[in-house]
Amino acid sequence: MIIVTRPGITEIQLDAIREAVERAGFQTHLSRGEHRTILGCIGDERMLSEVPLATLPGVESVIPILKPYRQVARDFRAEATIVTVGEGVGASIGGNALAVIAGPCSVEGRDMLFESAHVVKAAGATLLRGGAYKPRSSPYAFRGLGEEALMLLTEVREETGLPIVTEVMDTRQVELVAAHADMLQIGARNMQNFALLSAVGEVRRPVLLKRGLSATVEELLLAAEYILARGYDHVILCERGIRTFETATRNTLDVSAVPVLKRETHLPVIVDPSHAGGKAWLVAPLSFAAVAAGADGLIIEVHPKPSEAKSDAEQSLTPTDFNDVMARLRPFAAAAGRTMAAATPLMAGAGATR
Ligand code: PEP
Ligand code: MN
């Protein structure tokens, strides 16, 4: 960390700053320029976060050198983390193969769920998504079938072998959802629900962490750090579009967040083109862009009859359209040097145990 002092700082003020830093266990290095004096602080600056240095008389600015996150950073682990989901035969995300998670926004009933699962599996998806608890802007909208949906998800996994991804919205649901799901989704609206992040870090179940509607990349990484700080690192980050002034799309897909994240962290990064664009016809081009930008996977909403969907109808693909997107995705994956993921035999204990 570097402390830049104000012009005309007195020696007494400078000594006080130096003492505050040294009291916190740091070494200091003073550099006197023609106009400014700069104080270098040597040590792990995150330990200085509780010392309000910027408030000390004579301080102009405090410039951090280290990133505020630690365990999610590439500097912490150079090789990519590969997250394995499921048991026996499951899915891996974060390696060379592009993983596709697909399924309905919400689990609305048995028939539509089973049909969706068979369709997405046949088209090449390796994980099934389906919301049991839905975060909705209006309290009067369909908010999911809850526990009944969790039971259906368990049944459909047994029939198809597809691992299940479903959202958990509340710390009180974590145990229950983790008892049924193979991967826990933390939705955009909960990205900074710190109690929830810590709670999911405790249950040893892979986590799909979605970027908040107006969260910076750094805030997303810090949210992931909450989970890793509990000693669990099976976390996948998801860029799902952010709020901007643009109204032509539901959100603005921040494509550049993908290479930025891939550079900053060893965790896998996937893209959700469905919530980003908000329109079914945008899913294909946004998926191709995501793959070109280096995404490790995609999460796509598919519904047997989008016109009857109880949530996110406009952005849900029909089975035919999903097949089409998957077929057109292959050359983009190949151009990005990737294969398409297939169901993977997992070593015992590779993922989390259920
Ligand atoms: C969803 O995946 O259906 C969802 C609600 O996503 P997000 O949290 O990204 O809005
Ligand atoms: Mn949705």
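This structure is a prediction, so every number in the text was calculated from the model and none was measured. Throughout, numbering of the chain's residues begins at 1 and tracks the sequence. Both ligands and their constituent atoms are indexed starting at 1 by order of listing.
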Which residue owns the protein heavy atom closest to atom 8 (O) of ligand 1, what's the atom, and how far is it? Ala188 N, 2.7 Å
Nitrogen or oxygen of Lys134 less than 3.5 angstrom from that of ligand 1: yes
Ranked by distance from atom 4 (C) of ligand 1, the top protein heavy atom is His275 NE2, 3.4 Å
Would Arg129 count as being in polar contact with ligand 1, using the rule that some N or O on each side must be under 3.5 angstrom apart? yes
Tracing side-chain links under 4.5 Å among I, L, V, M, F, W and Y, which residues wind up in one group with Ile242? none
List the steps, then state whether side chain to side chain contact (heavy atoms under 4.5 Å, CB included) holds for Ile93 with Leu127. CA-CA 10 Å; Ile93 306 177; Leu127 288 108; 3.9 Å; yes
With the Mn ion (ligand 2) as the centre, enumerate protein N/O/S atoms below 2.8 Å in chain and residue order. Cys105 SG, His275 NE2, Glu301 OE2, Asp312 OD2
Would you say that more than 12 heavy atoms from the other residues, nucleotides or ligands in this model lie under 6.0 Å from the CD of Glu246, or not? yes
When clusters are formed by joining ILVMFWY residues with side-chain heavy atoms under 4.5 Å apart, either directly or through shared neighbours, do Ile299 and Leu213 land in the same one? no
State the atoms of ligand 1, each with its element, that fall below the 4.0 Å cut-off from a heavy-atom position in Cys105. 3 (O)
Could you list the donor-acceptor pairs under 3.5 angstrom formed by side chains in residues 272-284, with sequence neighbours left out?
residue: Asp272; atom: OD1; partner: Ser274; partner atom: N; Å: 2.9
residue: Asp272; atom: OD1; partner: His275; partner atom: N; Å: 2.9
residue: Asp272; atom: OD1; partner: His275; partner atom: ND1; Å: 3.4
residue: Asp272; atom: OD2; partner: Lys210; partner atom: NZ; Å: 2.6
residue: Asp272; atom: OD2; partner: His275; partner atom: ND1; Å: 2.7
residue: Ser274; atom: OG; partner: Glu301; partner atom: N; Å: 3.0
residue: His275; atom: NE2; partner: Glu301; partner atom: OE2; Å: 3.1
residue: His275; atom: NE2; partner: Asp312; partner atom: OD2; Å: 2.9
residue: His275; atom: NE2; partner: Gln315; partner atom: NE2; Å: 3.2

ILVMFWY cluster, Val255 and Val269 together (side-chain gap under 4.5 Å): yes
If hydrophobic clusters are built from ILVMFWY residues whose side chains come within less than 4.5 Å, do Leu153 and Val203 share one? yes
Identify, with sequence neighbours excluded, every residue that meets side chain to side chain contact (heavy atoms under 4.5 Å, CB included) alongside Phe142. Ser106, Glu108, Arg136, Leu145, Lys310
I need the nearest protein heavy-atom contact for atom 9 (O) of ligand 1: residue, atom name and distance, please. Arg240 NE, 2.7 Å
Looking only at side chains, do Thr166 and Gln185 share a donor and an acceptor under 3.5 Å apart? no
Heavy-atom distance to atom 6 (O) of ligand 1: which of Glu301, Gln315, Lys210 wins? Lys210
Side-chain heavy atoms under 4.5 angstrom apart, residues restricted to Ile, Leu, Val, Met, Phe, Trp, Tyr: same cluster for Phe332 and Met340? yes
Which of the atoms of ligand 1 are close to Gly187, meaning less than 4.0 Å from one of its heavy atoms? 8 (O)
